[in-house]
Structure formats: structure tokens, C-alpha cells
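Input: a single structure, listed below in C-alpha cells.
We count ligands from 1, going down the list as the structure has it; atoms in each ligand are counted the same way.
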Amino acid sequence: MIFDSDDDKLLLIPGPTPVRRDILDALAIPTIAHTSMRLADIMSTALKHLKTVAGTKDGRAFVIAGSGTLAQEASLLNFVAPEDTLLVASNGFFASRLAEIASQHGMKVVVRTAEPGTSITPDGLDQALHESGATVVTFTHVETATGVMAPLAEFMRVIRRNGALSIVDGVAGFGGTPEPMDELGIDVLLTGAQKALGVPPGLAIIIAGHAAWERRLARTDALPTYYADLARWAPIMERPEKYFSTHPVNMIRALGRALEIIMTEGLDARYRRHRRLAENFRGGLTEMGFEPFTDSDHLAPTLSAVRTPRGVTSSRFRERLASNGVVSAGGLGDPDDRVVRFGHMGNIADGDIATALEAISRSLN
Ligand SMILES: Cc1ncc(COP(=O)(O)O)c(C=O)c1O
């Protein structure tokens, strides 16, 4: 059996997020040729919409089969040159993974790490840039491990003042909170399909700004990757009917449908909805005795990390919550077993938040 009753639970982990029926239906349309003009049209429209979500006119969008980690790795490989020093401003697990990937590829890496549940400050970033002489900076905009949203605009001001290139991991933010590339001067923005875009997992998405792309094209060294070399993909993203590697045809359809939904909702309305749902959800959790794990200046609108009420372990609570129909996530590196993480991003509605709060209340009693 590939389906059982557990599959119907409300998926409130910080990604993958619940996938709307019409997006699932898009996946079920018969597979067409990866080189067909029909798929090329769908893909070109999706790439255009991705650029709209990313707020860039001259940027280039790339969509390849993979996941967020591939988007991280491809971004580092394509935009950190051998002569660069990379500064990782880490607010937690997923930023530290960026450092791990860079180290594995032999890049010169400097890491600054925030206290759990807080963010590196813009001043701290400035100082780290001066001390390290870094030429490229990377960080998670929203850190899924802690629910921390970094101060993106302030970070970008510091990075631009220092003349460094920026690689922003937008995996847990993109489509749920603004990440306007041209306005803020973000050079490279990366994400996956399964978070605030509301698509099933399986796509690595990268948007490179104009200057970053020029820099990539100017490189003459051979990248230590074949599949993730974006210079090989660039002509394909312009003419998706050309072949480099087979497009994940059905996933591209699902992405196309998800982006239509986003365009119809409108970005401002979508970001407002995410803020409203986050506030309502966190208000309900506080009333039930949950304590914030994330410091109040850095709360993300896309997910919440909280500590359970006293005397309740995260694992026991989450087990009961699952039996009441809602799936949540535990902490990453949580020795006390008290952290619970909830995603509230993508295409979820007020009714889902109400359902979740009611199930949480039942699970505590
Ligand atoms: C901020 C962030 N970056 C990167 C990743 C890695 O993405 P994936 O699990 O799709 O490889 C995740 C996954 O949750 C994430 O939250």
C-alpha cells in the first residue's frame, strides 16, 4: 500500500508544506516530452514568474531537478571562485551546512555563528567582513532550524558597502516573505520547491542577478561539477526545449501551477497572509503555555520554533499531536527535548491554523 490514513494529516512541518489539490492534479497530467514546445512554454512562464517573486528584471532563473541542498551547492560552486574567501553568517543548522559544503569543495571559509534562536547582527556581520576580508557572504534569510529571520535589508546594506557578493539561502522564505533582489542588491537567491511555494519536494531553484552572472561567465576555471554547472544550464533556461539533462516534466507543471496561484493571490497579499497566520498561530501557542525559542526581533512569518509548556516533552507532545491529525517537527540539536517547530507557509489558510490550534490544545490536555 502506498497510501494509508496517516497520509491525510495536516502537514505543519517547516517544509514540505501541504500541497493544494490543483497542484497535485498538475503533477498527474500525463508526462510529455521534455523537449516539447509545450513544456518549454510552461517552463519559460514559470521562470518569468520566479523572477517576479524574486523581484529582479535582469536576473536569470534556473530550475533543475534536485532539492534545496543542491541549490546551495550549485550556488557556492558557481559563484565562489578559487580566489574568493567565503564568509558564512550562520544562524543555525542550514547555514552551517553551507559552510560544510564549501569546506568539502576546498573553498576558503570563515564562519561566524549566532547564539541559538538569535541572528548575527548587522554590526557583527560588518566586523566579520572586515576581519576576514571575505569577498563572498552567504547566510540563510530564514533559518529553518531556529525560526530566525535575519535582517535581510540591513545585511545587504553591509555586504554592499563592503563590496562583497551575496548568496542568500531563501529556502524557507521565498514566496512567503519579501526577498526583493534588485531593490536590496541580492546577487544570488536560492530556494527549493517544497516550502512557501507549496510544491512537492524535488526542485532546486536559483536566481542569479545580472552582476553575479557576468562574474560567473568571466570565470575560466572548470567547475568541479558537471550537472550543477549553471553555465551549461543557461542556454536551456533560455530555450527549455533544448536538451542538457531531462527536465522533471511533471514537477515543472506543478511549479507552473503553484506560481499561477501566487500571481493570482498577489505578492503583497501573500506576504500579508503569511504575517497574519504567523501572528494568530503564535498568539494561540502562547495562550497554551508554549514559549518562543526564537528571539522576538527575528520572528519569521513562515515558521515558528517554540518550547513546550513545562513538564511536556517535544517528542511525546508531537506524537499526540500526530494522533490528533497534525504533523509537526522537533528541534535540531535539542538536548532537553522541548523544541517544536511548525511551518505555516505556502498555501495554508486561516482554517488550517484554527484546526492546528484546536488539535494542539487537545494534545496538551
Ligand atoms: C533554509 C534551508 N536551506 C536548505 C535546506 C535544504 O533543503 P533540502 O532539504 O531540500 O535539500 C533547507 C531544508 O529544510 C532549509 O530549510
Side-chain angles (χ1 to χ4, degrees), residues 11-19 54 62-77 79 86 88-104 111 113-114 116-120 137-152 155 166-177 179 186 188-207 225 227-228 248 251 254-255 258 274 278 293-294 298-305 327-334 339-346:
L11 189 60
L12 277 202
I13 60 176
T17 55
V19 180
F62 298 84
V63 177
I64 61 179
S67 70
T69 306
L70 178 66
Q72 289 183 319
E73 187 159 28
S75 298
L76 294 173
L77 286 172
F79 300 104
L86 175 71
V88 181
S90 173
N91 288 340
F93 179 87
F94 288 103
S96 299
R97 171 170 286 186
L98 284 159
E100 210 177 306
I101 296 168
S103 298
Q104 172 138 355
V111 185
T113 307
T118 73
S119 174
I120 304 256
V137 180
T138 190
F139 58 93
T140 47
H141 178 206
V142 173
E143 176 51 62
T144 320
T146 62
V148 164
M149 181 159 74
L152 183 60
F155 269 24
S166 52
I167 300 176
V168 179
D169 176 329
V171 173
F174 190 81
T177 192
E179 295 174 330
I186 297 170
V188 180
L189 182 60
L190 68 99
T191 190
Q194 73 273 25
K195 309 263 180 178
L197 291 174
V199 179
L203 296 176
I205 298 169
I206 297 167
I207 300 119
T225 175
Y227 183 74
M251 283 297 293
L255 176 68
H274 277 78
F293 176 78
T294 314
H298 297 106
L299 293 170
T302 46
L303 73 123
S304 296
V327 184
S328 58
L332 291 171
D334 171 28
V339 176
V340 187
R341 294 175 306 133
F342 294 97
H344 29 77
M345 59 182 136

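A donor-acceptor pair shorter than 3.5 Å can be found between the side chains of His344 and Ser304.
The side chain of Gln194, and not its backbone, has at least one atom closer than 4.0 Å to an atom of ligand 1 (non-hydrogen atoms only; side chain from C-beta on). Looking at Val142 against ligand 1, only its backbone comes within 4.0 Å, counting heavy atoms.
A donor-acceptor contact shorter than 3.5 Å links the side chain of Thr17 to the backbone of Lys195. Panel note: side chain Thr294, backbone Thr146; a donor-acceptor pair is recorded below 3.5 Å. Using modelled atom types, no side-chain atom of Gln194 and backbone atom of Gly202 make a donor-acceptor pair closer than 3.5 Å. Put simply, the side chain of Thr302 gets close to the backbone of Ala172: a donor and an acceptor are under 3.5 Å apart.
For ligand 1, the atoms sitting less than 4.0 Å from at least one non-hydrogen atom of Gln72 are 3 (N), 4 (C), numbered in the order shown with element in parentheses.
Given atom 3 (N) of ligand 1, the protein heavy atom at minimum distance is Asp169 OD2, 2.7 Å. Residue, atom and distance of the protein heavy atom nearest to atom 6 (C) of ligand 1 are Thr69 OG1, 3.5 Å. Protein heavy atom at the shortest distance from atom 14 (O) of ligand 1 is Lys195 NZ, 2.6 Å. At the top of the distance list for atom 8 (P) of ligand 1, counting protein heavy atoms only, stands Gly68 N, 3.5 Å. The shortest contact between atom 5 (C) of ligand 1 and any protein heavy atom is with Phe94 CD2, 3.4 Å. In this structure, the protein non-hydrogen atom closest to atom 16 (O) of ligand 1 is Thr144 OG1, 2.3 Å.
Between Ala305 and Arg341 the shortest heavy-atom distance is CB-CG, 3.9 Å.
Counting heavy atoms from C-beta outward, Leu152 and Phe139 have side chains that approach closer than 4.5 Å.
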